[in-house]
Structures are given as C-alpha cells and as structure tokens.
Trainee: 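I have a structure I would like to understand better, so I am pasting it below and will then ask my questions one at a time.
These numbers were taken from a predicted model, which means no experiment stands behind them. For this chain, numbers begin at 1 and follow the sequence in order.
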Amino acid sequence: MNEKNPVRDVYDAVADPTRRKLIQLLAGVEELPLHEITQHFDMGRTAVSKHLTILREAGLVTDRKVGRETRFRLQPAPLREIQDWVAFYGKYWNDNGARLQQLLQANFDEDEND
C-alpha cells in the first residue's frame with residue numbers, strides 16, 4: 001500500500017470519534033507505543049489496535065516494531081484531501097451567504113423606499 005492508493009477511504013477512517021481522538025493524540029508526539037496509546041482510551045488493546053489498523057489502511061498512520069513493542073506515528077498527508085474538501089465548501093457557503101446578504105439588503109432597501 002502506498003499513500004497515493006490507500007486501501008481505505010480517509011473519510012471513512014476519520015468518521016469514527018475514537019479514530020479522530022487517535023489522530024489528535026498522535027499529532028502531538030513524534031510516535032507512541034501501543035501500550036501508551038491504550039492508556040488514553042476506555043477500551044482494550046485489541047480494540048485500539050483495530051482502530052489503528054483502519055487508520056494505517058487509510059495511510060494516516062505508520063507503525064514500526066521496536067523490540068517487542070509496536071510504535072505508531074501520524075502521517076497527516078491524507079488529511080489534506082479533507083482539508084481541501086472543507087475549504088471548497090467553506091468558500092461555497094461564504095459566497096452564498098454574501099449573495100443572501102445582498103438579496104436581503106436589496107429587499108430591505110426596496111421596503112424603505114415604498
């Protein structure tokens with residue numbers, strides 16, 4: 001798997017609140033071992049590991065073995081797709097809001113002139 005052709009859709013991966021929390025946790029550090037990550041959640045190691053697998057399949061995290069532990073690191077590049085999508089719709093809503101404001105102002109001005 002490579003970043004240009006992820007196995008799992010990035011939107012699907014970030015749809016779950018636990019996975020969003022994992023991303024936020026990993027964003028604040030260089031990398032963390034699984035046992036330290038698990039301490040931040042009210043679930044077992046296996047459940048946390050399954051969420052990390054989904055993030056890895058979407059290209060959002062990488063893992064590496066160091067002795068007997070697995071360490072995880074955030075790979076934020078796939079989040080750019082979401083950022084671009086949100087920016088597009090942010091511009092859409094801003095533009096439509098400005099048009100609505102103009103329409104309302106024009107109607108208000110007409111009412112005042114009557």
Trainee: Would you give the length of the straight line joining atom CG of Leu22 to atom NE2 of His51, rounded to the nearest 0.5 angstrom?
Mentor: 7.5 Å

Trainee: Side-chain polar contacts of residues 26-48 - donor-acceptor pairs under 3.5 angstrom, sequence neighbours left out - could you list them?
Mentor:
{"from": "Glu30", "atom 1": "OE2", "to": "Arg73", "atom 2": "NH2", "distance (Å)": "3.3"}
{"from": "Glu31", "atom 1": "OE1", "to": "Arg64", "atom 2": "NE", "distance (Å)": "3.0"}
{"from": "Glu31", "atom 1": "OE1", "to": "Arg73", "atom 2": "NH2", "distance (Å)": "3.3"}
{"from": "Glu31", "atom 1": "OE2", "to": "Arg64", "atom 2": "NE", "distance (Å)": "3.3"}
{"from": "Glu31", "atom 1": "OE2", "to": "Arg64", "atom 2": "NH2", "distance (Å)": "2.5"}
{"from": "Glu31", "atom 1": "OE2", "to": "Arg71", "atom 2": "NE", "distance (Å)": "2.7"}
{"from": "Thr38", "atom 1": "OG1", "to": "Leu34", "atom 2": "O", "distance (Å)": "2.9"}

Trainee: Take atom CD of Glu69 as the centre, draw a 6.0 Å sphere, and report whether it contains more than 12 heavy atoms from other residues, nucleotides or ligands.
Mentor: yes

Trainee: Heavy-atom distance under 4.5 Å between the side chains of Asp63 and Leu52, does that happen here?
Mentor: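 Answer no - side chains too far apart.
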
Trainee: Nearest 0.5 Å, what's the CG-CD1 distance between Asp12 and Ile54?
Mentor: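 Separation between the atoms: 7.0 Å.
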
Trainee: Would Leu60 and Val86 show up in the same hydrophobic cluster when neighbours are defined by side-chain heavy atoms closer than 4.5 Å?
Mentor: yes

Trainee: side-chain hydrogen bond (donor to acceptor under 3.5 Å, both in side chains) with Thr53: which residues, sequence neighbours excluded?
Mentor: none

Trainee: Can you see which heavy atom on Gly59 is nearest to which on Pro78, and at what distance?
Mentor: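 In terms of heavy atoms, the two residues are closest at O-CG, 3.3 Å.
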
Trainee: Nearest 0.5 Å please: distance from the CD1 atom of Ile23 over to the CG atom of Leu79.
Mentor: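 Taking CD1 in Ile23 and CG in Leu79, the distance rounds to 5.5 Å.
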
Trainee: Provide the full list of salt bridge (Lys or Arg N to Asp or Glu O under 4.0 Å) pairs with a residue in residues 15-26, sequence neighbours left out, each pair given once.
Mentor: none

